[in-house]
Structures are given as C-alpha cells and as structure tokens.
Amino acid sequence: MANVKGILKYGGGTVVAAAVLYLLAAGIFTSASSEPYRPEALPADAPETQKAEVLATGVTTALEQELSGFMGWMVNDLCFVPNIIDDKSSYQRGVIYATRPASDMIAKTAARIGERDTIDPRLADATSRYFTYGENVWGFWFIYDCEGKYKNGINNWHEWAAHVGQPGKLGSIYNVKSDDVYNIIKYCAAMTDFALGILNDSDMGHFMADNNIYFAKGVSVVAGNVLRALAAVDDSVEARGGAENLTEALRRFDYIEEFNPLYVFAGGNAVGDAMMPNHVAALARHLDVCNNRLNDMMKSMEK
C-alpha cells in the first residue's frame, strides 16, 4: 500500500512538473505573430497553375505556419495552455476565423467559371468540412482533432492549385475575373472592419485587451496575405484600385503583423488620456487606415 501511495505521489508530481515545464516553454518560445506571405508579382502570361498556387498559399499560409510552428496549434492543447498562454491562442483563433471565409470566398469566385458551376469538391471540403472543425478539439489516432482536419484543408487547396488546367476528374479551374478581384478585396475590407469592431468594444476590460488585440491581429494577418497574393497574380488590383491605396494598405498590414508589445496596456481609462500607453487604440489606428484604403480601392473599381 505504501508503494502504491509513493508511486501516485511521485507520479503525480512528475505530471505536474512536466505540465509546468511545458507551459514555461510555450510561454518563452512562442510568439503571437507569423511570417507574412510576400509573393513576387507574376507576369500576365504566367501559367495558371502558378497563379493558383500563389492564391492558395495566400489563403492557407498563416494557418499552415501556426500548425507547423514551435508548439503547433495551442488552442486545443491540454494542461490549461489556451487559458494561460492566451495571447498565442487568441492569435490562432483569429487566424482560423479569417481563414474560413477566405476559403469560402475564393472557392466560390476564383475557382469556378460561373455562379451556377459546381464548386471544386476539394475546396468545398476544405471550406465546409475541414476548416469548420472546432479549433479546440483534441484527439489522437482514430479520434479526429482540429489540427489534422486543418492540414487536410490546406492540402486540398494545394491539390486544387496543382491540378488547374488538367483534364479529367482531377482537373480544376482558375478563373479570376474583375468581379472576383473586387469581391476578394471586399473580403479583406470586411475582415479589417470586423477586427476594428473588436478593438472598439466599449466594455473591454484591461485584462481582455491583449486577447482582443491578438485575435484581431490573427484575423488581419490572413486578410493581408490574401491581398498580397491577389495583387501578385492580378495587376488590376493596383491599376484599378490605385497604387497609393494598395501601398498604404499593405504598409498598414505590415505594421499590424509587427505589432507585438511586451505587455499590453489598454490606456487606463475610457477617455484614453491616461499616462500609460493605449495599445488597443494604436492597433485600431492601423486597422482603420487599412480599412479606409481598402474601401477606397473598391470605390475606385466601381467607377
């Protein structure tokens, strides 16, 4: 009996120690940021498979980086990681939140010819089956977890791109029209507007400020990657939307992606005139400028 108690005592202590070490490692070696996707601009006569791959990567690269990064997808980790390392988990929640509508939008526009055409089954599965999986689902072996589902969705996007223009059942379509360019920019504007709304929440407390900041940042990073990808495959984004508007929108997306204060201060009061900095207002300013530029691009395209 004494041996059993000793095993339970030291075994429990080992589990607790391992959990603490994991939390320390996750807190020290993870960051709520990613490497922006910066594709080179493609010539107008570039192969459609190449253009499709750029667009597919724009949709999926932020999510793929989170899944393959150090510590991987933390939202579904055990040992209270999502609650304690909340900046990183909030950022990842923002990434998957924005990836879902990006996948849906581009699958319904750039990946088919007309509105009545069938959506490519791989992209339909990525959008409606894989990316919709709950971001906090944990599993192993035969029990599906969100990480495995998200990787399947990413693979489906790259499979679609690789088979553009090929004959047979596996063949896929790449068809970016003027309306598609407009709608994809509209998606980017909707995401920045949504992120801005989160930061403008009047009921936000000081200890919720960092969660909201990093969730908004995760949303914005996906939108920025999509815009860069679109501009790389279609020069009408700059020509019709305005070079100055595009440059400033991308510059603000860069600022948002670089935004990573050591400690988040919410300004101290509702007025915002406290001695402490207001990081919420600082990030909201970049989002506001970016959103205005995206809306200006759409207005320019409507003329």
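Residue indices begin at 1 and follow the sequence shown. Every value quoted in this text rests on a predicted model; they were computed, and no experiment measured them. Computed over heavy atoms, backbone and side chain alike; hydrogens, waters and symmetry mates excluded.
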| field | E248: salt bridge (charged side-chain N to carboxylate O under 4.0 Å, His left out) partners, not counting sequence neighbours | value | R251, R252

| message | Counting only heavy atoms from other residues, nucleotides and ligands, does the tally under 6.0 Å from CD of E40 exceed 12? | response | no

| Residues in salt bridge (charged side-chain N to carboxylate O under 4.0 Å, His left out) with K108, at least two apart? | D104

| Does atom NZ of K177 have more than 12 heavy-atom neighbours from other groups under 6.0 Å away? | yes

| said: R293: which residues meet the side-chain hydrogen bond (donor to acceptor under 3.5 Å, both in side chains) condition with it, sequence neighbours left out? | reply: N245

| query | Crowded around Q166 CD? As in, over 12 foreign heavy atoms under 6.0 Å? | reply | yes

| Checking side chain to side chain donor-acceptor pair (under 3.5 Å) for the pair T49/E53: CA distance, chi angles, key distance, verdict? | CA-CA 6 Å; T49 51; E53 180 58 32; over 6 Å; no

| Test ring-ring contact (aromatic ring centres under 6.0 Å, His included) applied to H286 - qualifying residues, sequence neighbours left out | Y255

| query | Sequence neighbours excluded, which residues qualify as side-chain hydrogen bond (donor to acceptor under 3.5 Å, both in side chains) partners of D288? | reply | none

| Tell me the ring-ring contact (aromatic ring centres under 6.0 Å, His included) pairs involving residues 215-242, sequence neighbours left out? | Y97-F215

| Would you say I119 and R112 make side-chain contact, with heavy atoms under 4.5 Å? | yes

| field | No-hydrogen, no-angle side-chain donor-acceptor test under 3.5 Å, S34 and Y91 | value | yes

| request: Using a strict cut-off of less than 4.0 Å between a Lys/Arg side-chain nitrogen and an Asp/Glu carboxylate oxygen, indicate whether R93 and E66 qualify as a salt bridge. | output: no

| task | Cation-pi check, K149 to Y144: give yes when NZ or CZ is under 6.0 Å from the six-membered ring centre and within 45° of the ring axis, no otherwise. | result | yes

| Partners of D120 by side-chain hydrogen bond (donor to acceptor under 3.5 Å, both in side chains), sequence neighbours excluded? | R122

| message | Any heavy-atom pair between the side chains of N136 and C146 that's under 4.5 Å? | response | no

| field | Pairs satisfying ring-ring contact (aromatic ring centres under 6.0 Å, His included), at least one member in residues 162-182, at least two apart | value | none

| said: Checking Q50 now: which residues fulfil side chain to side chain contact (heavy atoms under 4.5 Å, CB included) with it, not counting sequence neighbours? | reply: L42, A46, P47

| message | Do the side chains of R228 and D254 get close enough for a salt bridge, i.e. N-O under 4.0 angstrom? | response | yes

| remark: The reported gap from CD1 in I256 to OG in S220 (rounded to nearest 0.5 angstrom) is 4.5 Å

| request: Would you please name every residue forming a salt bridge (charged side-chain N to carboxylate O under 4.0 Å, His left out) with D179, sequence neighbours left out? | output: none

| request: Could you tell me which residues satisfy ring-ring contact (aromatic ring centres under 6.0 Å, His included) with Y187, sequence neighbours excluded, listed by chain and number? | output: none

| said: Restricting to side-chain hydrogen bond (donor to acceptor under 3.5 Å, both in side chains), what partner residues turn up for T192, sequence neighbours left out? | reply: N291

